Amino acid sequence: MSFLEVKNLNISYPTRKETIVASKDVEFTLERGEILGIVGESGSGKSTIANAIINLIDPPGEITSGSIKMDNNELRDNEELIQKIRGKKIGFVFQDPQTSLNPLFRIKDQLIETIQTHLNLNYQDALKKSIQLLKEVGIDNAEKRIEDYPHQFSGGMRQRVVIALAISCEPDLIIADEPTTALDVSIQHQILELLKDLTKKRNLGVIIITHDMGVIAETTDRVIVMRHGLIVEQGDTKELLTNPKSNEARSLVISVPPTNKKIDRFRLISPDGKEITADSKNLTKKIIKTWGVREKNKNKKILQLTAVTKIFDDKSLVSNFSFGSKAESTNKVEKAVDNVSFELFEGETLGLVGESGSGKSTIAKIITGLVGPSNGEIFYNDISLYNSKRKYQIDKSRGQIQMIFQDPYSSLNPRFKVRDIISEPIKLFQKNINKNELTQNMYDLIDIVGMTRQSLDRYPHEFSGGQRQRISIARALATRPRLLICDEPTSALDVSIQAQVLNLLKDIQDELHLTMLFISHDLPVIRQMCNRIVVLKNGSVCETKETEELFNNPAHPYTKELIRLMPKIESII
């Protein structure tokens, strides 16, 4: 009898218009000491199966038939047993760390509550265990950081906190839904080594749901490939990656960005096994017709940062967010960005790489006016974006600078339909647009990001993480920007959809002379997309080089370490 056994699992979501089948006749097993990977396109049912194991299927979703057994105990429709083992016997790492942590409680409170709920430890012992867990998952200065709130952590650091919560009660099964999505390669390496180590030491069963084929190649023993709720192929990881039999598996493997060279375009395979020729250039012509042809001037400096520094002060944060006189401040000062300078030329893609907390996203927020700099100058088209009082001058870049955020769910208004999300910026910047033109603009944008026009009448919560990111890209393009800041734009996408989106961004850039600042922890993607790369560590620039020069001849020790730890899977493509 296997440790975990799933048989004939069927999950459906009945709606007013149709019944959506999220899982159909899914069967697999998991042994103790084994790591199982589940891969597939966004919306293929990967996360739904994980949620079903711990009975977290959101209504109106329901398990219509099938069995889920752990240690020969039936979990399906057994809420009493699930309540006992969820958190204690089964640890879960959710895809979105921002929404899985309570923003009103310190990290300390959330860890201690979880530990004391399931383990017989007093407060001081639970606190010691919490600090040790944060150290285990690679958070520096854990004794102080445990006092912080979730919003004071970067996306990658929040993910590490979520992993610490998942392993806090020494579970028998860990389900990790995109556990390394927001992590840079060095921390990803630590986390994967930690999961592998825990699997051996504690004889755990681990399920990793991911779109990162590098993670699959380096971590899992077996892998399942899903499409439209069906398991289309499963088997030994090495065998499946080197000799995929299904078209879906071939599509995933062939779409992986190579780590040893730069390519012009990503290869794509259709469900019937045929290679897809580039058609996104035809789609971009729709935008070109609306936007008009833009002049190209490679020598024009479109963005310049000079000695930019950003200091976060806890005192100011407490005064802004507290509700009463009892608010306490640790008076801690955090230098997120330290004397950063670089320039970006029209039509260029500049990559920003570095570990979580290195200041990448903070720089993006400073450029877009979401966060003000403490010192330094930012120029767009030779005009300062901040006045003498360090107030953002939105009229200097109105609509010209747009950002695709790392977390698509929290950046989309949950009360708006997709139609309203995309149309709002169009109406804001094109006051005289008529209804027919507005509808056509929305159709063009939703077509370009690879979604159906019917999705315009749905809400963000009805989509998978990858689909929500595509909506975010459509919204960013709606204002016809000249500078597009991409903050981890493909972190939530599976590799085949990632390849489509990256091809699309390349085509749009070529046709519209779009300039991009591309922030990512995914070094293979950075290599394929960027002309130059800026490497950041602890808020400072380590080195800036042409892409191929940096990958072939890195100078700084930190850059060398990043490239060494990069998952290398060119041998299985």
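Along the sequence shown, the residues carry numbers beginning at 1. These numbers were taken from a predicted model, which means no experiment stands behind them.
- We find that Lys201 and Glu170 are not joined by a salt bridge, their nearest charged nitrogen and carboxylate oxygen being 4.0 Å or further apart.
- Judged by the 6.0 Å distance and 45° axis criteria, Arg458 is positioned over the aromatic ring of Phe463.
- Checked for salt-bridge contact, Arg222 and Glu31 miss the test: no charged N lies under 4.0 Å from a carboxylate O.
- The backbone N or O of Asn8 lies less than 3.5 Å from a partner atom in the side chain of Asn10, making a donor-acceptor pair.
- Put simply, SG on Cys486 and CD on Gln469 are 9.0 Å apart, with the number rounded to the nearest 0.5 Å.
- Between Ser12 and Thr19, the side chains place no donor N or O within less than 3.5 Å of an acceptor N or O (distance only, hydrogens not considered).
- Under the 4.5 Å side-chain criterion, counting only non-hydrogen atoms from C-beta, Leu101 is not in contact with Tyr149.
- Taking a cutoff of 4.0 Å between a charged side-chain nitrogen and a carboxylate oxygen, Asp457 and Arg419 qualify as a salt bridge.
- Considering every non-hydrogen atom in both Val26 and Met226, the closest pair reads CG2-CE, 4.1 Å.
- Under the side chain to side chain contact (heavy atoms under 4.5 Å, CB included) test applied with Ile174, the options Ile163, Leu195, Ile35 reduce to a single match, Leu195.
- Panel note: side chain Glu62, backbone Thr64; no donor-acceptor pair is recorded below 3.5 Å.
- Ser361 and Asp487 share a side-chain donor-acceptor pair at under 3.5 Å.
- Side-chain contact annotation: Glu79 with Asn55, donor-acceptor N/O pair under 3.5 Å present.
- In this structure, CD1 in Ile68 is found 6.5 Å from CG in Leu75, a value given to the nearest 0.5 Å.
- Salt-bridge annotation for Glu143 and Lys135: present, with a side-chain N of the basic residue lying under 4.0 Å from a carboxylate O of the acidic one.
- Residues Ile112 and Phe105 are not in side-chain contact: their nearest non-hydrogen atoms beyond the backbone lie 4.5 Å or more apart.
- Of the N and O atoms on the side chains of Ser67 and Glu5, not one donor lies less than 3.5 Å from an acceptor on the other residue.
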(request) Output, in order, the C-alpha distance, side-chain angles, deciding distance and verdict of salt bridge (charged side-chain N to carboxylate O under 4.0 Å, His left out) for Glu136 and Lys129. (result) CA-CA 10 Å; Glu136 267 192 86; Lys129 185 175 178 66; over 6 Å; no

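- Classification of Arg32 and Asp71 as a salt-bridged pair holds, one side-chain N sitting under 4.0 Å from a carboxylate O.
- Using a 4.5 Å cut-off on side-chain heavy atoms (C-beta onward), Ile207 and Leu4 make contact.
- When all heavy atoms are compared, the tightest approach of Ile404 to Ala476 is CG1-CB, 3.7 Å.
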